Amino acid sequence: MSTTRMAFEQLPSVVISAVEERTGPVLKTESATEGRNSQVGARVHSESGVCFIKGLRSDHTWAWTQRREADVNPHIRKVAPALLWEVETDGWHLLSFEALEGHHADYSADSPDLPLVADALCRLGRIPCPDVELRRAEQRLAKYVNNTGDAEQFAGNSLLHTDMNNANVLIDGRASLVDWAWATRGAPWLDAAYWVIWLMAAGGHTAASAEHWARRIPAWHAAPGVAVNAFAQAHANLWEEIGGDEPDPWTARMVRASREWARHRSTARAMARQVR
Ligand SMILES: Nc1ncnc2c1ncn2[C@@H]1O[C@H](COP(=O)(O)OP(=O)(O)OP(=O)(O)O)[C@@H](O)[C@H]1O
Ligand SMILES: [Mg+2]
């Protein structure tokens, strides 16, 4: 489900006043071009500087994702912008973050952004999983694995981002990860695996070259091959379900990439059996 984005100025006046109590008078706003989940997402310029504000109505199905982002933020400052304040009033919940400059990560094959993204995932891997309520990878993926019980291989105690969409990675000399709505607890190699699918979807990466980038993340090396195979297949199933019969072009890329990766993994497994 995606949400219709509205301009910051369309918020109720009570909500805008609550913002201005914290920022001073708003001078200018720029709506984010990317992002499909927040009802409001904008860089807000005021006398006190610039911040990035995202918001959802408090009764929105996904209102809990705002809470998740706020709870996890103090623990992820080595990879993400700081939460400056939050406010809940007149039926709206807003989060205000330090505004980042920079561009969305370019995931194409020869992009200079790729080592920076790998570095951000390495930094994330060194953060201990905080004691906050998080989704669990094995529960999120249980419905999509081919064999009952396969999802248990995704369980673990690492903090994961799980939405490595390039629009959630901002590059400004180094990579920062935004949008922690789907922060999850699970096996340490999962974010590298999510990245493989996004790299392949960006175009220009084969499964082998995308996995080459995943190898930059130390946790990837400890990932059991069978668990990665199950992860790839689960995501082929997941994106097929999201895409349905007529996926939009964006979803169609994810369907193709995840299918291709799952096929690559099962072919590699069959070849390994023949060699033995
Ligand atoms: N701290 C920030 N500073 C500057 N720009 C930001 C910041 N955080 C997010 N953005 C920009 O706003 C866009 C939307 O933000 P975000 O991804 O957090 O919201 P979302 O609508 O929930 O997205 P999604 O649909 O991916 O869940 C990002 O793709 C990014 O371009
Ligand atoms: Mg996003």
Side-chain angles (χ1 to χ4, degrees), residues 1-102 104 124 127-137 139-140 159-165 167-170 176-186 191:
M1 183 180 84
S2 69
T3 301
T4 310
R5 184 60 64 74
M6 59 187 245
F8 176 83
E9 289 77 5
Q10 290 173 284
L11 284 167
S13 56
V14 173
V15 181
I16 294 182
S17 299
V19 169
E20 291 189 320
E21 272 170 34
R22 289 156 178 86
T23 61
V26 171
L27 305 174
K28 184 175 88 163
T29 67
E30 302 161 90
S31 277
T33 51
E34 293 287 338
R36 317 200 306 170
N37 295 331
S38 302
Q39 289 171 289
V40 170
R43 286 165 62 90
V44 174
H45 299 248
S46 67
E47 286 176 352
S48 58
V50 191
C51 60
F52 177 80
I53 295 183
K54 66 190 283 189
L56 281 173
R57 286 197 55 88
S58 305
D59 60 0
H60 193 281
T61 329
W62 289 354
W64 62 268
T65 62
Q66 296 259 121
R67 185 72 273 129
R68 186 66 36 87
E69 284 209 60
D71 289 348
V72 86
N73 187 268
H75 306 280
I76 53 169
R77 301 285 275 278
K78 291 202 167 87
V79 288
L83 178 68
L84 304 174
W85 47 261
E86 65 179 299
V87 63
E88 188 155 17
T89 188
D90 205 27
W92 281 85
H93 185 197
L94 304 186
L95 301 176
S96 168
F97 294 94
E98 179 185 10
L100 299 174
E101 301 299 327
H104 294 142
L124 172 56
I127 298 176
C129 192
D131 188 16
V132 298
E133 193 189 339
L134 292 168
R135 294 256 147 155
R136 287 190 164 270
Q139 288 169 356
R140 281 180 61 186
L159 174 64
L160 305 166
H161 182 280
T162 76
D163 189 3
M164 289 300 295
N165 180 345
N168 288 335
V169 186
L170 291 174
S176 300
L177 307 179
V178 300
D179 199 357
W180 286 81
W182 289 92
T184 294
R185 190 187 304 270
D191 270 333

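Owing to the predicted nature of the structure, the values given are computational and were not obtained by experimental measurement.
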From L56 CG over to E88 CD, what is the distance, rounded to the nearest 0.5 angstrom? 10.5 Å
What are the two closest heavy atoms between G24 and S46, and how far apart are they? O-CB, 3.9 Å
Heavy-atom check, side chain of K28 versus side chain of R43, under 4.5 Å: no
side-chain contact (heavy atoms from CB on, under 4.5 Å), that's the test. Do V169 and L177 meet it? Break it down for me. CA-CA 5 Å; V169 186; L177 307 179; 3.9 Å; yes
Just checking, any donor-acceptor pair under 3.5 angstrom between side chains of R140 and T184? yes
Does D90 use its side chain to pair, donor to acceptor, with the backbone of V14 at less than 3.5 Å? no
Do the side chain of E69 and the main chain of W180 share a donor and acceptor less than 3.5 angstrom apart? yes
The reported gap from CG in L11 to CZ in R57 (rounded to nearest 0.5 angstrom) is 10.0 Å
SB check E86 R67 (cutoff 4.0 Å): yes
For the residue pair W182 and W64, does the interplanar ring angle fall in the parallel (under 30°), tilted (30 to 60°) or perpendicular (over 60°) class? perpendicular
Looking only at atom types and distance, does a side-chain atom of S38 sit under 3.5 Å from a main-chain N or O of K54, one as donor and one as acceptor? no
Could you pull out every donor-acceptor pair under 3.5 Å between side chains of residues 72-82 and any protein atom, sequence neighbours left out?
from, atom 1, to, atom 2, distance (Å)
N73, OD1, L83, N, 2.8
N73, ND2, P81, O, 2.9

Expected output: side-chain D191 to main-chain H161 donor-acceptor under 3.5 Å: yes
